[in-house]
Amino acid sequence: MRTTLKVTLRTVGALVALPVLTLATTSIVDVVATRSELAAITSYGELVSVDGREMNVVVSGSGADTIVLLPGLGTAAPGLDFQPLISELDDTHRVVAVEPFGTGLSDQTDSPRTAENIAGEVHEALRRLGIDRYALMGHSISGVYALEYSRLFGDELTAFIGIDSSVPDQPGADDPVPTDGLTTLRGLGLLRVASALAGDAYAGLPYDEGTKEQMRFLTTKNATAPTLLDEMDHAAINFASVSGRTFPADLPVLLFVVQNGADDDGWLELHEVQAASVDRGQVVALDGDHYLHHTQSTRIADDTDEFLAG
């Protein structure tokens with residue numbers, strides 16, 4: 001009986017120890033790998049001072065007019081993520097890809113990630129660059145920030161161009177973004193394991209291996225950092241702050257929207273309503289996923305050229 005009990009206790013102990021040892025191993029591997037990746041991040045763009053911190057921007061092209069690119073929520077390296085689109089636009093425009101605080105090479109910040117604060121910080125970066133007339137081109141959540149931006153600085157805007165951009169009162173707008181436990185999962189190394197199991201997120205996309213590597217490194221740097229987590233926590237609040245709001249009637253609005261399955265949840269219709277709220281609005285439905293600028297950059301650039309020229 002005692003022998004059997006000892007064997008049983010040893011077996012239970014081994015089963016308990018196994019996941020503990022596994023987590024200890026993934027934690028150590030993550031610490032070592034993270035240190036190596038952060039050291040391997042290379043600079044790109046230029047830093048401008050905003051509210052006592054440094055914000056990174058990528059400026060390309062020398063066209064007569066300017067397009068300012070703003071990223072979606074969770075884009076770890078906007079200046080790199082937008083490269084396919086920048087390369088299509090910068091032949092005819094000056095393109096400025098802004099990396100808001102907490103993304104890319106920009107600093108972290110303890111300023112709450114409200115739409116108003118984000119809009120004000122982007123505006124200050126552009127002011128520092130001497131840019132005071134431009135079109136905003138925003139992906140995803142930047143459609144919300146652009147509404148706030150147009151309220152605060154609408155006299156500087158020539159147009160808004162949305163890339164599957166968020167709209168007020170869209171389905172799920174009041175749902176909180178789950179962030180609980182992300183920092184713990186990162187610390188245990190489990191996010192790194194999940195990423196490895198998921199494979200290459202950029203496979204088949206127009207990025208060279210060096211760029212993909214840098215985007216992975218910057219995901220390590222920013223994905224669970226306080227600034228991004230705070231922006232996620234503010235998502236529902238930011239949607240609520242623009243509920244029922246429209247762009248100024250005299251601001252031209254061009255919206256690229258994912259076509260696949262969009263009618264199932266009224267996604268396309270929501271954008272058609274937004275476009276109809278201004279004097280000159282247009283919706284272009286495209287095949288692809290939410291990151292249309294990864295696969296439809298040529299079409300987006302061509303239609304943008306035509307829209308801005310008109």
Side-chain angles (χ1 to χ4, degrees), residues 67-75 78 81-82 84-85 88-89 97-98 115 118-119 122 134-154 157-175 177 231 235-310:
I67 296 175
V68 175
L69 297 174
L70 299 179
L73 180 63
T75 302
D81 180 79
F82 276 128
L85 183 56
E88 295 288 345
L89 289 170
V98 178
I118 291 170
V122 170
Y134 44 91
L136 277 186
M137 179 179 276
H139 173 239
S140 195
I141 192 67
S142 284
V144 169
Y145 303 154
L147 282 164
E148 182 65 9
Y149 200 101
S150 69
R151 181 183 73 85
L152 297 170
F153 314 110
L157 299 181
T158 60
F160 172 70
I161 303 151
I163 305 173
D164 214 41
S165 49
S166 301
V167 294
D169 308 309
Q170 69 182 47
D174 55 354
D175 294 341
V177 178
E231 186 177 354
I237 296 170
N238 287 330
F239 270 105
S241 73
V242 299
S243 178
R245 193 182 301 179
T246 61
F247 286 107
D250 60 350
L251 182 71
V253 172
L254 173 62
L255 303 173
F256 296 100
V257 184
V258 169
Q259 180 170 257
N260 312 62
D263 290 333
D264 294 342
D265 60 2
W267 185 240
L268 187 61
E269 182 182 358
L270 284 169
H271 289 81
E272 289 172 341
V273 170
Q274 186 174 56
S277 71
V278 298
D279 297 336
R280 181 169 174 246
Q282 180 180 344
V283 175
V284 178
L286 298 175
D287 290 330
D289 64 17
H290 184 49
Y291 286 82
L292 285 171
H293 53 283
H294 288 171
T295 56
Q296 292 277 11
S297 56
T298 300
R299 174 67 185 277
I300 291 172
D302 288 345
D303 285 9
T304 297
D305 285 346
E306 182 178 348
F307 185 80
L308 294 179

How far does CD1 of I161 sit from CG of L308, to the nearest 0.5 angstrom? 4.5 Å
Run the ring pair (Phe, Tyr, Trp, His ring centres under 6.0 Å) test against Y291 and tell me which residues pass, sequence neighbours left out. H139, H293, H294
Within 45° of the six-membered ring axis of F307 and under 6.0 Å from that ring's centre, is NZ or CZ of R280 located there? yes
From L152 atom CG to L147 atom CG, the distance as rounded to the nearest 0.5 Å: 11.0 Å
A173: partners by side-chain contact (heavy atoms from CB on, under 4.5 Å), with sequence neighbours left out: Q170, F239
Those residues that, when tested against Y145, pass ring pair (Phe, Tyr, Trp, His ring centres under 6.0 Å) (two or more places apart): none
Can you give me every donor-acceptor pair (side chain of residues 270-279, partner residue at least two apart or in another chain, under 3.5 Å) with its distance?
from	atom 1	to	atom 2	distance (Å)
H271	ND1	W267	O	2.8
H271	NE2	S165	O	2.7
S277	OG	Q274	O	2.6

Stepwise side-chain contact (heavy atoms from CB on, under 4.5 Å) test for T295 and L286: CA-CA 10 Å; T295 56; L286 298 175; over 6 Å; no
Compare every heavy atom of D164 with every heavy atom of V258, then report the nearest pair and how far apart it is. N-OD1, 2.9 Å
Please give me the minimum heavy-atom distance between F247 and S150, naming the atom from each residue. CD2-OG, 3.7 Å
Quick one: CG on L136 to CG on L157, what's the gap to the nearest 0.5 Å? 5.0 Å
According to side-chain contact (heavy atoms from CB on, under 4.5 Å), who are the partners of S297, at least two apart in sequence or on a separate chain? P84, L85, E88
G72 backbone acceptor or donor facing S142 side chain under 3.5 Å: no
Qualifying side-chain hydrogen bond (donor to acceptor under 3.5 Å, both in side chains) pairs with a residue from residues 238-253, counting only residues at least two apart or across chains: E148-R245, D169-S243
I'd like to know whether Y134 forms a side-chain contact (heavy atoms from CB on, under 4.5 Å) with T158, so could you lay out the CA-CA distance, the side-chain angles of the two residues, the decisive distance to 0.1 Å, and finally the verdict. CA-CA 6 Å; Y134 44 91; T158 60; 5.6 Å; no
Can you check whether P78 reaches L69 side chain to side chain, under 4.5 Å on heavy atoms? no
Rounded to the nearest 0.5 Å, what's the gap from CE on M137 to CD1 on I67? Could you check? 5.0 Å
If every non-hydrogen atom of A119 is compared with every non-hydrogen atom of F153, which pair is closest and at what distance? O-CE1, 3.8 Å
I163 side, atom CD1; L254 side, atom CG - distance, nearest 0.5 Å: 9.5 Å
Closest approach of I141 to L73 (non-hydrogen atoms, all atoms of both residues): CG2-N, 3.2 Å
Gap separating the CD atom of E306 from the CD atom of Q282, nearest 0.5 angstrom: 7.0 Å
